[in-house]
Amino acid sequence: MAANTSPRARRRRIAAAGAAFAVAAGLLATAIPASANPDGRDADRGHGHGRHHGRTVDVQLLSFNDFHGNLEPPQGSSGEVAELQPDGTTKEIPAGGVEYLASSLRDAREGHRYSVTAAAGDLVGASPLLSGLFHDEPTVEAMNKLDLDVTSVGNHEFDEGIAELTRLQDGGCHPEDGCYVDGRRYRGADFPYLAANVTDEDTGRPVLEPYTIWKHRGVRIGFIGVTLEGTPDIVSAEGVKGLEFHDEVETIDRYAKKLKRRGVNAVVALVHEGGAPAGDAYNYDCDSPGPGDGISGPIAQIAKNTTPMVDAFVTGHTHEAYACTIPDPKGAPRTVTSAASYGRLFTDTTLTYDRRTRDIVRTSVDSANHVVSREQPKARDMTRLIGRWNELAAPVANRPVGWIGEDIPGRGASTPESPLGDLIADAQLAHAQGLDAEADLALMNPGGIRSDLVYGASGSEGDGVVTYAEGFTVQPFANTVNMIDLTGAQLLQVLREQVSGDNAESPKVLQVSEGFSYTLDLTRSGADRVVADSVRLNGEAIQEDATYRVAVNNFLAGGGDGFPTLAEGANPYVGGNDLDVLVDYMTANSSESEPLQAPAADRITVVE
């Protein structure tokens, strides 16, 4: 036997051995090896105990989404969830961290003979330094220990391209960085990544398995995994090179039919696309005043149009929390859930499986989100995992790079313009002007700001100290700060694209550098929301026929996030790494005695 066999090869041998044993024992259910089924695979991983009701049995479905490598408890607003109180107010509760997520899931499985754990993508990518520094191997290792059974891909699984995603699945050391510990080879994911709607543009075949069949004691449930069709619009072109992304509904319908032909009538869709809930609290009533009335956005349309053969949806992408009942095309109730992000919540869904019809009894489906509380014991194996990787990361992670005098909200800001967004734009403009004195302004996409800068110490560094790890958490994508020329007319069009075109339903307000200002009137519609004659640079009105030198990251420069006009910029120049730019700016402009304060975030006047 070869010394370095892949996890997939090991799984095939185990499955084959299981099948042989089942035949010998005269059992009815046998495992089908992945090699015999190029369109999907079977898995047999039950947990705990369960309840029987004659011909029916309750199956516990535990799920989460958008973990983004947050092994340690997230800081600031990213580490809290809002809970609705009996008096109608909300309370912020600290939550998250894989030590607590593991404890929550393990406790939840107690007493359930039939329990399956699934995720809806973005387990990795845009990760804090502890995971991102090691190409997210620590997170996959943690998911293995969590006994995750299956996940769909998300858009961030493609941040480093399909070859790297395949390595995360199958194992092996990183092609450039190698193995991080001598004599220890990364073994890959014990769970399948599903990518039913992602195909190779040359062969037309799915780049990863499209579905899997979970089997336990005669119960068979099919899981189909898809990411949002618009993934190429929000991932760098290099990350999705050679790939095609297809309609979510059409893809799920196609594979639901394939599962039915294999005798699998119980189907769960893992969809990395989400919606906008009507309430901010994780425990709001999504079905008030009627089923599904508390949710809007893409997932609502996907759920309404997907075949009734699918019995439940586990979703993600929007980092929101909901547990809804959205009727299928025949009007039957169907559960649609999302557990926010960063491991702060998990969803517990009871699926009643009918052994005679081999299907889910829809009317008995029950689902709710639960807080991953930090007031419970930590999972010791996760504590050891974090400690081991922290020891490797410490020389880089703990280096102080700046000082702040207060919290500087970014992702947790309650306004379209955030203080941290302004700070990042200022840093990028300073970098651009160091390379080209003619640089005029900087624009930063809000989705590239992954966290807040928190004044309170996250470790032993002391209050107000910003470490390299904290900076990495804010900007983990390794983008470059580029410069392009735009005419005044093009610059106005870019501003309009924030609230029109691909961003009409969900505006993306760019963060702007000091000296640039305008009014955004949200009482208007479409592109008219940008008040054209309000746009100013250093107090002067923008001239449509003038040329402006603009700093943006390479993702935006390629037209990402629905800004095609930025891809038309002339005279491009590639500058430094965006994290290095932020670090250098903070180091040069702050000290222990003179820390940075939060910018006022008053450059964009928003009319509600």
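Residues L101 and L146 form a side-chain contact, since some pair of their non-hydrogen atoms from C-beta on lies under 4.5 Å apart. L228 is not listed as a side-chain neighbour of P298, based on a closest heavy-atom distance of 4.5 Å or more. Side-chain contact between K260 and N265: present, with at least one pair of heavy atoms (C-beta onward) separated by less than 4.5 Å. The shortest side-chain heavy-atom distance between E568 and L486 does not fall under the 4.5 Å cut-off. Put simply, the side chain of P210 does not reach to within 4.5 Å of the side chain of R254, judged on heavy atoms. Side-chain contact check for V365 versus P333: every heavy-atom pair is 4.5 Å or farther apart. Between E209 and L194, some side-chain heavy-atom pair lies under the 4.5 Å cut-off. Side-chain contact between Y322 and I299 is present, with at least one heavy-atom pair separated by less than 4.5 Å.
Note: T318 OG1 to D66 CG = 7.5 Å, rounded to the nearest 0.5 Å. Considering NE2 of H246 and OG1 of T251, their distance stands at 6.5 Å, rounded to 0.5 Å. Distance check: L345 CG to N65 CG gives 9.0 Å after rounding to the nearest 0.5 Å. Taking CG of L148 as the start and CG of L62 as the end, the distance is 10.5 Å to the nearest 0.5 Å. Rounding to the nearest 0.5 Å places CZ of R450 at 11.0 Å from OG1 of T473. Atom CD of Q490 is separated from atom CZ of R496 by 12.5 Å, given to the nearest 0.5 angstrom.
One N or O on the side chain of N70 and one on the backbone of H68 form a donor-acceptor pair closer than 3.5 Å. The main-chain N or O of V481 is never found under 3.5 Å from a side-chain atom of Q428 such that the two would form a donor-acceptor pair. S127 contributes a side-chain N or O that, together with a main-chain N or O of G125, makes up a donor-acceptor pair within less than 3.5 Å. In this structure, the side chain of S500 does not engage the main chain of A527 through any donor-acceptor pair within 3.5 Å. Not one N or O on the side chain of Q475 forms a donor-acceptor pair closer than 3.5 Å with the backbone of N577. Judged purely by atom type and a 3.5 angstrom limit, N482 has no side-chain atom pairing as donor or acceptor with the backbone of V574. Distance alone, capped at 3.5 Å, places no donor-acceptor pair between the N479 side chain and the D578 backbone. Of the possible donor and acceptor atoms, none in the side chain of R358 sits under 3.5 Å from a partner among the backbone N and O of R220. The closest donor-acceptor contact from the side chain of N144 to the backbone of D190 lies under 3.5 Å. In this structure, the side chain of Y186 does not engage the main chain of E141 through any donor-acceptor pair within 3.5 Å.
A ring pair (Phe, Tyr, Trp, His ring centres under 6.0 Å) check over residues 293-313, counting only residues at least two apart or in different chains, returns nothing. Among pairs with a residue in residues 158-167, those fulfilling side chain to side chain donor-acceptor pair (under 3.5 Å) read H135-E160, E137-R167, H156-D159, E164-R167, at least two apart in sequence or across chains. Under the side chain to side chain donor-acceptor pair (under 3.5 Å) criterion, the residue pairs touching residues 229-244 are T227-T231, with sequence neighbours excluded. Listed by first then second residue, pairs satisfying side chain to side chain donor-acceptor pair (under 3.5 Å) with a partner in residues 301-310 number zero, not counting sequence neighbours.
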Tell me, with the steps shown, if L566 and I484 meet side chain to side chain contact (heavy atoms under 4.5 Å, CB included).
-> CA-CA 8 Å; L566 287 174; I484 54 175; 4.0 Å; yes
Could you check V336 against I295 for side chain to side chain contact (heavy atoms under 4.5 Å, CB included), going step by step and ending with a plain yes or no?
-> CA-CA 10 Å; V336 179; I295 188 74; over 6 Å; no
Is there a side chain to side chain contact (heavy atoms under 4.5 Å, CB included) between V268 and T349 once you walk through the steps?
-> CA-CA 11 Å; V268 175; T349 301; over 6 Å; no
Show your reasoning for whether side chain to side chain contact (heavy atoms under 4.5 Å, CB included) applies to K508 and N445.
-> CA-CA 7 Å; K508 292 185 175 71; N445 59 310; over 6 Å; no
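Looking at T117 and R109, their side chains do bring a donor and an acceptor atom within 3.5 Å of each other. In the model, T337 has no side-chain atom that pairs as donor or acceptor with a side-chain atom of S367 under 3.5 Å. Between the side chains of D354 and T56, not a single donor N or O lies within less than 3.5 Å of an accepting N or O. Under the 3.5 Å distance criterion, with hydrogens and angles disregarded, no donor-acceptor pair is assigned to the side chains of N197 and E248. Side chain to side chain, T350 and D58 fail the donor-acceptor criterion of an N or O pair below 3.5 Å. For the residue pair D122 / H317, no side-chain donor-acceptor distance below 3.5 Å is found, with atom types taken as modelled.
Across D328 and P308, no two heavy atoms sit closer than the pair OD2-CB, 3.4 Å. Heavy-atom minimum distance, L71 versus P138: CD1-CB, 3.7 Å. The shortest non-hydrogen separation linking T325 to P327 is O-CD, 3.8 Å. Here the closest heavy-atom approach between residue A195 and residue P206 is recorded as O-CB, 4.0 Å. In terms of heavy atoms, G69 sits closest to D136 at CA-OD1, 4.4 Å. E157 and L123 make their closest contact through OE2-N, 2.9 Å (heavy atoms, listed as atom of the first residue, atom of the second, distance).
Applying the salt bridge (charged side-chain N to carboxylate O under 4.0 Å, His left out) criterion to E497, with sequence neighbours excluded, gives no partner residue. Listed by chain and number, the residues in a side chain to side chain contact (heavy atoms under 4.5 Å, CB included) with A266 are I221, D311, Y353, D359, I360 (sequence neighbours excluded).
Using a 30° and 60° split on the angle between ring planes, H216 and W214 fall in the tilted class, from 30° to 60°.
Aromatic rings of F134 and H174 (six-membered ring for Trp) have centroids beyond the 6.0 Å cut-off, not under it. A ring-centre distance under 6.0 Å is not found for F223 and F191.
Put simply, the residue from F64, F67, Y342, Y282 that forms a ring-ring contact (aromatic ring centres under 6.0 Å, His included) with H319 is Y342.
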